[in-house]
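Only one structure is covered here, and it is reproduced in the block below.
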Amino acid sequence: QVQLVESGGGLVEPGGSLRLSCAASGIIHDMKSMAWYRQAPGEQRHMVAQISVDDKIEYSYFVEGRFIISRDKAKNTIYLQMNDLERDDTAVYYCQLVRGGRLVTFDYWGQGTQVTVSS
(Lines give C-alpha, C1' and ligand atoms only; values in the text may rest on other atoms or scores of the structure.)
Protein backbone atom coordinates (compact mmCIF):
# COMPACT_ATOMS: atom_id res chain seq x y z
CA GLN A 1 0.00 0.00 0.00
CA VAL A 2 1.27 3.44 -0.96
CA GLN A 3 1.12 6.15 1.66
CA LEU A 4 1.59 9.87 1.04
CA VAL A 5 2.24 12.35 3.82
CA GLU A 6 2.16 16.09 3.18
CA SER A 7 3.73 18.73 5.36
CA GLY A 8 4.62 22.41 5.27
CA GLY A 9 1.23 24.08 5.18
CA GLY A 10 0.26 26.94 7.41
CA LEU A 11 -0.72 30.58 7.63
CA VAL A 12 1.21 33.10 5.57
CA GLU A 13 0.68 36.73 4.59
CA PRO A 14 0.14 37.76 0.97
CA GLY A 15 3.44 37.92 -0.85
CA GLY A 16 5.00 35.34 1.41
CA SER A 17 6.39 31.90 0.64
CA LEU A 18 5.90 28.33 1.78
CA ARG A 19 7.41 25.02 0.80
CA LEU A 20 5.26 21.91 0.85
CA SER A 21 6.68 18.41 1.05
CA CYS A 22 5.15 15.06 0.18
CA ALA A 23 6.91 11.86 1.15
CA ALA A 24 5.83 8.61 -0.47
CA SER A 25 6.31 5.26 1.21
CA GLY A 26 5.25 1.66 0.73
CA ILE A 27 5.46 -0.62 -2.25
CA ILE A 28 5.59 1.50 -5.39
CA HIS A 29 5.67 -0.21 -8.76
CA ASP A 30 5.67 1.50 -12.13
CA MET A 31 5.40 5.06 -10.88
CA LYS A 32 4.13 7.38 -13.58
CA SER A 33 3.85 10.75 -11.90
CA MET A 34 3.42 12.72 -8.73
CA ALA A 35 1.48 15.93 -8.46
CA TRP A 36 0.09 18.64 -6.25
CA TYR A 37 -3.63 19.40 -6.32
CA ARG A 38 -5.60 21.94 -4.35
CA GLN A 39 -9.20 22.48 -3.42
CA ALA A 40 -10.58 25.78 -2.18
CA PRO A 41 -13.93 26.07 -0.40
CA GLY A 42 -16.80 25.76 -2.85
CA GLU A 43 -14.53 24.74 -5.72
CA GLN A 44 -13.48 21.52 -7.39
CA ARG A 45 -10.09 20.00 -6.84
CA HIS A 46 -7.66 20.82 -9.63
CA MET A 47 -4.05 20.14 -10.46
CA VAL A 48 -1.48 22.72 -9.45
CA ALA A 49 1.73 21.09 -10.65
CA GLN A 50 2.77 17.67 -11.87
CA ILE A 51 6.08 15.94 -12.42
CA SER A 52 6.30 12.69 -14.36
CA VAL A 53 8.75 9.85 -13.91
CA ASP A 54 10.73 11.17 -16.89
CA ASP A 55 10.84 14.63 -15.26
CA LYS A 56 8.25 16.32 -17.45
CA ILE A 57 6.62 19.16 -15.54
CA GLU A 58 3.24 20.83 -15.94
CA TYR A 59 1.84 23.82 -14.05
CA SER A 60 -1.56 25.33 -13.67
CA TYR A 61 -1.91 28.62 -15.49
CA PHE A 62 -2.73 30.26 -12.17
CA VAL A 63 0.58 29.36 -10.50
CA GLU A 64 3.11 29.23 -13.34
CA GLY A 65 5.94 31.60 -12.60
CA ARG A 66 5.26 31.57 -8.86
CA PHE A 67 5.36 27.88 -7.88
CA ILE A 68 8.09 25.33 -8.52
CA ILE A 69 7.67 21.57 -8.25
CA SER A 70 10.71 19.39 -7.68
CA ARG A 71 11.57 15.83 -6.71
CA ASP A 72 14.17 14.08 -4.61
CA LYS A 73 14.28 10.61 -6.13
CA ALA A 74 16.40 9.13 -3.36
CA LYS A 75 13.87 10.18 -0.73
CA ASN A 76 10.77 9.52 -2.86
CA THR A 77 9.66 13.02 -2.03
CA ILE A 78 8.26 15.90 -4.04
CA TYR A 79 8.19 19.54 -3.06
CA LEU A 80 6.19 22.58 -3.99
CA GLN A 81 7.96 25.88 -3.51
CA MET A 82 5.22 28.51 -3.35
CA ASN A 83 6.30 32.11 -3.84
CA ASP A 84 4.42 35.41 -4.00
CA LEU A 85 1.38 33.80 -2.45
CA GLU A 86 -2.02 35.34 -3.04
CA ARG A 87 -5.29 35.11 -1.15
CA ASP A 88 -6.68 32.96 -3.97
CA ASP A 89 -4.01 30.37 -3.22
CA THR A 90 -5.80 29.53 0.01
CA ALA A 91 -6.82 25.89 -0.21
CA VAL A 92 -6.17 22.40 1.02
CA TYR A 93 -3.22 21.07 -0.93
CA TYR A 94 -3.13 17.36 -1.74
CA CYS A 95 -0.32 15.15 -2.93
CA GLN A 96 -1.09 12.59 -5.62
CA LEU A 97 0.87 9.61 -6.90
CA VAL A 98 -0.07 7.70 -10.04
CA ARG A 99 1.31 4.30 -10.90
CA GLY A 100 0.44 1.56 -13.33
CA GLY A 101 0.80 0.39 -16.90
CA ARG A 102 -0.65 1.27 -20.25
CA LEU A 103 -4.20 0.07 -19.63
CA VAL A 104 -4.70 0.36 -15.88
CA THR A 105 -3.45 3.01 -13.52
CA PHE A 106 -3.87 3.59 -9.81
CA ASP A 107 -3.90 6.89 -8.00
CA TYR A 108 -3.14 7.56 -4.36
CA TRP A 109 -3.83 10.66 -2.30
CA GLY A 110 -2.47 12.20 0.84
CA GLN A 111 -4.69 13.65 3.54
CA GLY A 112 -3.94 17.23 2.55
CA THR A 113 -2.33 20.21 4.20
CA GLN A 114 -4.04 23.55 4.71
CA VAL A 115 -2.51 26.67 3.21
CA THR A 116 -4.08 29.94 4.28
CA VAL A 117 -2.96 33.25 2.80
CA SER A 118 -4.30 36.13 4.85
CA SER A 119 -3.25 39.37 6.46
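Quick caveat: nothing in here was measured; it's all calculated off a predicted structure. Note that these values count all heavy atoms, side chains included, but never hydrogens, waters or copies made by symmetry.
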According to disulfide bond (SG atoms under 2.5 Å apart), does anything in residues 62-118 pair up with another residue at least two apart or in another chain? List the pairs.
Cys22-Cys95

Just how far is it from atom CG of Leu97 to atom OG of Ser33, taken to the nearest 0.5 Å?
7.0 Å

Within one Ile-Leu-Val-Met-Phe-Trp-Tyr cluster: Val104 and Val53, side-chain cutoff 4.5 Å
no

With sequence neighbours left out, the residues meeting side-chain contact (heavy atoms from CB on, under 4.5 Å) with Ile57 are Ile51, Tyr59, Ile69

Sorted by chain and residue number, the side chain to side chain donor-acceptor pair (under 3.5 Å) partners of Asp88 (sequence neighbours excluded) come out as none

Donor-acceptor pairs under 3.5 Å, side chain of residues 112-119 to any protein atom, not counting sequence neighbours: which ones?
| residue | atom | partner | partner atom | Å |
| --- | --- | --- | --- | --- |
| Thr113 | OG1 | Gly9 | N | 3.2 |
| Gln114 | NE2 | Ala91 | O | 3.4 |
| Gln114 | NE2 | Thr116 | OG1 | 3.3 |
| Ser119 | OG | Arg87 | NH2 | 2.9 |

To the closest 0.5 Å, what do you measure between OH (Tyr93) and CG (Leu80)?
7.5 Å

Taking only residues at least two apart or on different chains, which pairs with a member in residues 1-19 satisfy salt bridge (charged side-chain N to carboxylate O under 4.0 Å, His left out)?
none

side-chain contact (heavy atoms from CB on, under 4.5 Å) involving Ser70 - partner list, sequence neighbours excluded:
Tyr79

Got a sec, which residues hit ring-ring contact (aromatic ring centres under 6.0 Å, His included) with Tyr37, two or more places apart in sequence or on another chain?
Trp109

Which residue pairs pass the salt bridge (charged side-chain N to carboxylate O under 4.0 Å, His left out) test with at least one member in residues 32-53, sequence neighbours excluded?
Arg38-Asp89

Is there a path of hydrophobic side-chain contacts, each under 4.5 Å between heavy atoms of I, L, V, M, F, W or Y residues, that connects Tyr94 with Val63?
no

Not counting sequence neighbours, list each pair that qualifies as a salt bridge (charged side-chain N to carboxylate O under 4.0 Å, His left out) and has a residue in residues 95-114.
none

Take atom CD in Glu86; do more than 12 heavy atoms of anything else shown fall under 6.0 Å from it?
yes

Sequence neighbours left out, what passes salt bridge (charged side-chain N to carboxylate O under 4.0 Å, His left out) with Lys56? Give chain and number order.
none

Residues pairing under disulfide bond (SG atoms under 2.5 Å apart) where one sits in residues 30-77, two or more places apart or in two chains, turn out to be none

Going from CG on Leu18 to CZ on Phe67, what distance comes out if it is rounded to the nearest 0.5 angstrom?
9.0 Å

Under a 4.5 Å side-chain heavy-atom rule over Ile, Leu, Val, Met, Phe, Trp and Tyr, are Ile28 and Phe106 clustered together?
yes

Honestly curious: do Leu20 and Val92 fall in one hydrophobic cluster under the side-chain, below-4.5 Å linking rule?
no

Rounded to the nearest 0.5 Å, what's the gap from OG1 on Thr77 to NZ on Lys73? Could you check?
13.5 Å

Non-hydrogen side-chain atoms of Met31 and Asn76 separated by less than 4.5 Å:
yes

Rounded to the nearest 0.5 angstrom, the CG-CD1 distance for Leu4 and Ile78 is 8.0 Å

With a 4.5 Å cut-off on side-chain heavy-atom distances among I, L, V, M, F, W and Y, is there a chain of contacts connecting Met47 to Tyr61?
no

Sorted by chain and number, sequence neighbours left out, side-chain contact (heavy atoms from CB on, under 4.5 Å) with Asn83 holds for Ser17, Gln81

Classify the angle between the aromatic ring planes of Phe62 and His46 as parallel (below 30°), tilted (30 to 60°) or perpendicular (above 60°).
perpendicular

To the nearest 0.5 Å, atom CD of Gln50 lies from atom CE of Met34 at 11.0 Å

